[in-house]
Amino acid sequence: MKNNVKPTHTTQALDTKTETKTNAVRGFGFVVVILLALCAGIFTYQSQQSDFETVNGEGYQWHKLEGQWTVINYFAPWCAPCLREMPELNAFNQNLPEDTLLFAINYDRQTSTQLTEMAYKYTIEVPIIFASENTVLPMEKPPYLPATFIVGPEGKVVDTIMGEVSEEALRERIHQLKMAADKAA
């Protein structure tokens, strides 16, 4: 004998409520998954973005430079003192002090090709930052040239040298700043 029990209105209502709850949970789960994927995508995108890039395409992020000293020299080909100090900066770059990086940045924005040609013409061996609207530096563009900024291990400018700099003077200043930082620690 078969049990031919027909569902009652109460059973049908419970099935509809259960189905509605199941669909709501699925919908909520779908929204959560989409939001997590969106957040992960944004985080991944931001973590891969560079604060600045050099002409050769190498990207840098300031938070990854923490613990290092970074020297940034603003120059321009129309600035005679800038061109006079470039051999000094090249020499400094060839034998950088420990935990120190050196970059040059052209005062006037130019294309990557123009910067590469300028580096060749003026024998600039220092990595050149390609300045764009997305370039993030911890200093403002200086009012005159040459200007050299020393960024400490915490990512903040700790010294500014306006005017020509020599390899020896730059090396001595970095040494003094490191000694002062060690005493303060």
Side-chain angles (χ1 to χ4, degrees), residues 41-178 180-181:
I42 290 170
F43 176 76
T44 301
Y45 174 78
Q46 288 178 339
S47 69
Q48 294 176 351
Q49 293 302 302
S50 299
D51 290 325
F52 65 93
E53 288 185 15
T54 58
V55 173
N56 67 6
E58 193 169 347
Y60 292 86
Q61 296 173 326
W62 283 107
H63 73 274
K64 290 186 178 178
L65 296 178
E66 285 181 13
Q68 296 196 50
W69 295 81
T70 305
V71 180
I72 298 177
N73 175 266
Y74 270 88
F75 75 99
W78 46 259
C79 168
C82 297
L83 298 178
R84 278 195 306 265
E85 77 176 353
M86 200 50 71
E88 296 288 324
L89 293 171
N90 287 339
F92 182 76
N93 189 55
Q94 289 174 359
N95 190 21
L96 287 170
E98 186 177 340
D99 299 327
T100 305
L101 297 170
L102 172 64
F103 298 97
I105 183 167
N106 191 46
Y107 191 78
D108 303 308
R109 282 193 186 168
Q110 293 189 344
T111 67
S112 182
T113 302
Q114 290 170 319
L115 290 170
T116 301
E117 290 171 359
M118 182 176 36
Y120 178 77
K121 181 177 180 179
Y122 296 107
T123 317
I124 301 171
E125 299 167 0
V126 175
I128 299 174
I129 295 173
F130 177 70
S132 72
E133 62 277 349
N134 298 326
T135 301
V136 177
L137 297 175
M139 78 282 295
E140 296 292 321
K141 193 173 185 179
Y144 60 90
L145 298 176
T148 304
F149 297 91
I150 301 173
V151 180
E154 294 81 31
K156 295 184 184 346
V157 175
V158 294
D159 198 11
T160 302
I161 303 167
M162 299 303 291
E164 283 183 69
V165 66
S166 68
E167 174 191 9
E168 183 180 329
L170 190 53
R171 193 170 301 286
E172 179 58 32
R173 188 63 188 133
I174 294 280
H175 177 73
Q176 290 170 353
L177 290 168
K178 285 182 176 184

Check against side chain to side chain contact (heavy atoms under 4.5 Å, CB included), Trp78 and Asp108: CA-CA 10 Å; Trp78 46 259; Asp108 303 308; 2.6 Å; yes
message: Measuring from atom CD1 of Ile161 to atom CZ of Arg173, what distance do you get when rounded to the nearest 0.5 angstrom?
response: 7.0 Å
query: Under a 4.5 Å cut-off applied to non-hydrogen side-chain atoms, are Cys79 and Tyr144 in contact?
result: no
task: Give, for atom CD of Gln114 and atom CZ of Phe130, the distance between the pair rounded to the nearest 0.5 Å.
output: 9.0 Å
- prompt: Which pair of non-hydrogen atoms, one from Ala131 and one from Ile105, has the smallest distance, and what is that distance?
  reply: CB-CD1, 4.0 Å
statement: Residues Gly59 and Ser50: closest non-hydrogen pair is CA-OG, 3.2 Å
field: Under 3.5 Å donor-acceptor, Trp62 side chain and Val136 backbone
entry: yes
query: Do Pro127 and Leu101 come close enough that some side-chain heavy atom pair is under 4.5 Å?
result: no
message: Rounded at 0.5 Å granularity, tell me how far CG in Leu170 sits from CD in Glu164.
response: 13.0 Å
task: Taking atom NZ of Lys141 as the centre, report whether more than 12 heavy atoms of other residues, nucleotides or ligands fall under 6.0 Å from it.
output: yes
- prompt: For the side chain of Glu88 and the backbone of Glu167, is there at least one donor-acceptor N/O pair under 3.5 Å apart?
  reply: yes
field: CE-OG1 distance between Met139 and Thr148, expressed to the nearest 0.5 angstrom
entry: 10.0 Å
- prompt: Just wondering, do Thr54 and Tyr60 contact through their side chains at under 4.5 Å, heavy atoms?
  reply: yes
Asn90 (side chain) donor-acceptor with Glu125 (main chain) under 3.5 angstrom: yes
Where Asn106 and Pro77 come nearest, the two heavy atoms and their spacing: OD1-CD, 3.4 Å
message: Under a 3.5 Å distance rule, please check whether Thr100 uses its side chain to pair with a backbone N or O of Glu98 as donor and acceptor.
response: yes
Heavy-atom donor-acceptor pair, Gln61 side chain to Gln49 backbone, under 3.5 Å: yes
query: Taking the side chain as C-beta and beyond, is there a heavy-atom pair between Pro143 and Met162 under 4.5 Å?
result: yes
- request: Find out whether Pro142 and Phe149 are in side-chain contact, i.e. whether some heavy atom of one side chain is under 4.5 Å from a heavy atom of the other.
  value: yes
- line: Residues Ile128 and Ala119: closest non-hydrogen pair is CD1-CB, 3.7 Å
message: With side chain to side chain contact (heavy atoms under 4.5 Å, CB included) as the criterion, how do Met86 and Phe75 come out once you've worked through the C-alpha distance, each side chain's angles and the decisive distance to 0.1 Å?
response: CA-CA 9 Å; Met86 200 50 71; Phe75 75 99; 3.9 Å; yes
- request: Give the C-alpha distance, both sets of side-chain angles, the deciding distance and a yes or no for side chain to side chain contact (heavy atoms under 4.5 Å, CB included) between Val151 and Phe103.
  value: CA-CA 11 Å; Val151 180; Phe103 298 97; over 6 Å; no
- prompt: Heavy-atom distance under 4.5 Å between the side chains of Lys178 and Trp69, does that happen here?
  reply: yes
task: Evaluate the side chain to side chain contact (heavy atoms under 4.5 Å, CB included) criterion for residues Leu89 and Ile124: first the C-alpha distance (whole Å), next the side-chain angles of each, then the deciding distance (0.1 Å), finally the verdict.
output: CA-CA 9 Å; Leu89 293 171; Ile124 301 171; over 6 Å; no
task: Take Asn134 and Ser132, measure what side chain to side chain donor-acceptor pair (under 3.5 Å) needs, and give me the verdict at the end.
output: CA-CA 5 Å; Asn134 298 326; Ser132 72; 4.5 Å; no
task: Considering only NZ, NE, NH1 and NH2 on the basic side and carboxylate oxygens on the acidic side, decide whether Glu117 and Lys121 come within less than 4.0 Å.
output: no
field: Side chain Gln68, main chain Leu65, donor-acceptor under 3.5 Å
entry: no
message: With rounding to the nearest 0.5 angstrom, report the CG to CD distance, Leu177 to Glu172.
response: 10.0 Å
field: Pair Asn73-Glu85, side chain to side chain donor-acceptor pair (under 3.5 Å): steps then yes or no
entry: CA-CA 10 Å; Asn73 175 266; Glu85 77 176 353; 2.9 Å; yes
- request: Give, for atom CD1 of Ile72 and atom CZ of Phe52, the distance between the pair rounded to the nearest 0.5 Å.
  value: 5.5 Å
Taking every non-hydrogen atom, the tightest pair across Val157 and Pro138: CG2-O, 3.5 Å
